Each structure stands twice: as C-alpha cells, then as structure tokens.
Amino acid sequence: MNAEKLNNELDSIFRGQSSCLIALHSFPDPDAMASGMGLKFFLEKRYGLDVSIAYGGLIGRAENRTMVKVLDIPLKKMERIKLSAYDRIAMVDAQPTQKNLALDSEMYCHLIIDHHPVKQEGRTEGVWIDTSVGATAVMIYELLQTIGEKISTHLATALVYAIRSETQDLGRKAGKRDIEAYLQLFPRANMKYISRIVHPVLPRNYFQNLIQALKHTYTYRHIMVSHLEDVPYPEMVAEFADFLLRLQRHTWVLCTGRYRDDLILSMRTTHKNGDAGELIKSLVPDERMAGGHEQFAGGAVPLGREENREMKEITWEISRRFASGLDVEKADWKPLVKG
Ligand SMILES: [Mn+2]
C-alpha cells in the first residue's frame with residue numbers, strides 16, 4: 001500500500017459523507033498532532049467534510065503545548081465529543097487497541113494511518129500501516145501530494161517539526177522518504193515558529209521535576225536507571241530518558257514514572273542495533289503493553305493500590321531485569337548526583 005493506492009480506496013469511505021472525527025492517541029505527540037492536522041486538511045479539500053480532531057489525556061510537554069498554541073491546532077477533548085455526531089472516524093499515528101484510551105476499543109475506525117507495527121492482524125480495508133517511515137507525518141505528506149493542494153505555512157511547519165522531533169532531527173530511524181518529505185516541506189515552514197517550539201517557555205515546576213528526577217537516577221557501568229515516582233504527565237518519562245542518554249560513556253537508560261494507574265516505562269540506547277523494543281517486553285507482565293524500535297521503546301505496567309514501599313520493590317525488580325537483559329547480573333547502582 002502507498003499513498004496513491006490509499007487515495008483510490010478513500011473514495012468509497014468518504015464520498016457522500018458529511019463529517020469525520022480524527023482520533024489521536026492519548027497524550028498526543030507532535031507526530032500525532034501534525035498528522036491529524038494534515039488529514040483534516042486533506043478530507044476538507046477532497047471531500048468537503050466537516051472535520052474535528054480529538055484527543056484523550058492531556059498535552060503536558062512544554063514543546064507540545066507551545067506547538068498547539070503557535071500553530072493554532074484545533075484540538076478538542078475526547079470527553080466533550082459526541083461520537084454519534086460523526087459519519088466517519090479516522091485514527092492517525094495509532095491503532096485502535098484497548099490501551100489508547102481515547103476511543104472505545106470496540107469502536108470501528110473507517111481509516112487508520114500509522115507507522116507503528118500492526119496491532120491487530122486481518123483488517124486491510126481503510127488501513128495504511130507503513131513501518132518503514134520514521135513518522136506518520138511523512139505518510140500524510142505523501143497523501144497530500146496526491147491532491148496537489150497548496151499547504152499552509154502552519155501545516156508545513158507542523159509536519160516539519162513532527163518529522164524532526166519524531167526522528168531526533170533525522171538521526172533516529174529516518175530513511176530516504178523521511179528526508180525527502182522534510183526537505184520538500186522545509187522551505188514552506190516558518191523557522192521562527194519552529195524555534196519557539198524547540199525552545200519553549202518552561203513552567204517553574206519543570207525545574208522541581210528535573211531535580212527530583214536527577215536525585216532518583218542511578219548508574220552502573222554503561223547502564224542508567226531512573227525511577228521518577230509520580231510524574232505530572234506521562235511523556236515526562238520519555239523526555240527524561242532522552243535527556244539522560246546524553247551522559248558520556250553510558251549507552252542504555254531505563255526510566256519509569258507513575259501516572260495515575262500505570263507505571264510508564266521508557267528505554268533508550270545509543271546502539272544502532274540495540275534491541276530496546278524486545279528488551280522492554282521482558283520487563284512488563286503483559287508484552288502487548290510494550291514495544292518499540294532498536295534504539296527506543298516504551299511500555300506500561302498496570303498498578304493497583306501500591307504503597308511507596310511496594311512501588312520501590314517493583315521498580316527495582318524492573319531495574320534488575322533490565323540490567324540482566326544486558327548481561328549485567330548484580331549491578332551495584334550508584335547515584336548519578338550527590339545530595
Ligand atoms: Mn509517530
């Protein structure tokens with residue numbers, strides 16, 4: 001399947017309809033938001049539909065909040081949406097599963113566009129999944145090219161930022177198509193907007209969270225673990241994992257943080273052929289709740305009413321299995337910072 005082929009299929013899904021809801025995963029990232037924006041534009045132009053974009057959870061990360069503000073992305077909260085008011089439902093950068101919270105898992109999505117591995121085998125109609133690109137935004141760009149409509153500065157900026165943030169400035173899992181889309185969109189994007197998004201204003205509690213996180217970070221040889229306890233928003237776990245991976249001579253990091261009823265896990269490695277996606281599956285009780293690529297992976301462990309003491313036991317057991325998965329038995333963890 002490619003954009004051209006999908007475009008032919010779309011007629012039977014959308015022609016004659018009047019509205020569509022685009023569902024993003026909960027806690028949407030730049031790729032999800034830009035993809036939603038791009039698909040909205042496509043459906044409006046090609047089928048004259050009334051399109052809303054909705055997400056569950058919240059947008060916590062300062063960069064993502066700034067992106068919504070600067071690019072004026074029209075997002076609605078899923079809880080305020082009346083699903084029956086829409087003729088069609090589309091999902092981008094995610095697939096309907098029990099765990100994406102934004103939609104009922106029974107809900108039928110007429111269209112799915114995603115670059116993550118297939119979560120539910122079998123269905124082909126209205127589904128375009130392509131794991132060979134670094135971002136869903138690239139697929140959306142290719143789809144937009146099939147209709148030849150002029151893309152606005154806001155949309156071009158969103159897609160450019162999505163590709164660069166999802167691939168760490170084209171350094172992580174970026175291939176030929178990612179680079180091509182990026183270069184073609186780049187002249188149409190607004191660099192002042194991008195700069196504001198990349199260097200967002202930070203709330204005071206960001207620094208409190210940072211010091212808290214640093215105090216909970218331990219190292220042993222080339223491995224780091226950090227257990228952030230309660231986090232104000234789930235993406236903070238991945239954000240901090242990316243940050244820690246910059247420590248010299250350390251090549252693997254695992255971060256955990258508790259958000260509501262889940263312990264969120266985020267793993268990173270500098271090894272191009274590391275197997276983070278496989279290793280993280282061995283750390284969670286249900287391997288369907290974890291996954292990723294060579295260098296980055298994420299997962300979740302559902303929690304009960306654990307007290308702090310039990311939480312410590314759980315997270316240290318996860319650390320032990322993480323180290324053991326990297327052939328380090330009996331790690332003698334040392335705090336990263338003093339005091
Ligand atoms: Mn994505």
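This is a predicted model, so every value here is computed, not measured. Both ligands and their constituent atoms are indexed starting at 1 by order of listing.
Listed by chain and number, Asp31 OD2, Asp93 OD1, His115 NE2, Glu166 OE2 are the protein N/O/S atoms closer than 2.8 Å to the Mn ion (ligand 1), with waters left out.
Arg268 and Ser266 share a donor-acceptor pair across their side chains, judged by distance under 3.5 Å alone. Side chain to side chain, Tyr86 and Gln17 fail the donor-acceptor criterion of an N or O pair below 3.5 Å. Gln145 and Gln184 share a donor-acceptor pair across their side chains, judged by distance under 3.5 Å alone. Thr167 and Lys173 are not linked by any side-chain donor-acceptor pair at a separation below 3.5 angstrom, with hydrogens and angles left out of the test.
Both Tyr141 and Ile113 are part of a single hydrophobic cluster, where members link through side-chain heavy atoms under 4.5 Å apart.
Minimum interatomic distance between Arg123 and Glu125 (heavy atoms only, all atoms of both residues): NH2-O, 3.2 Å.
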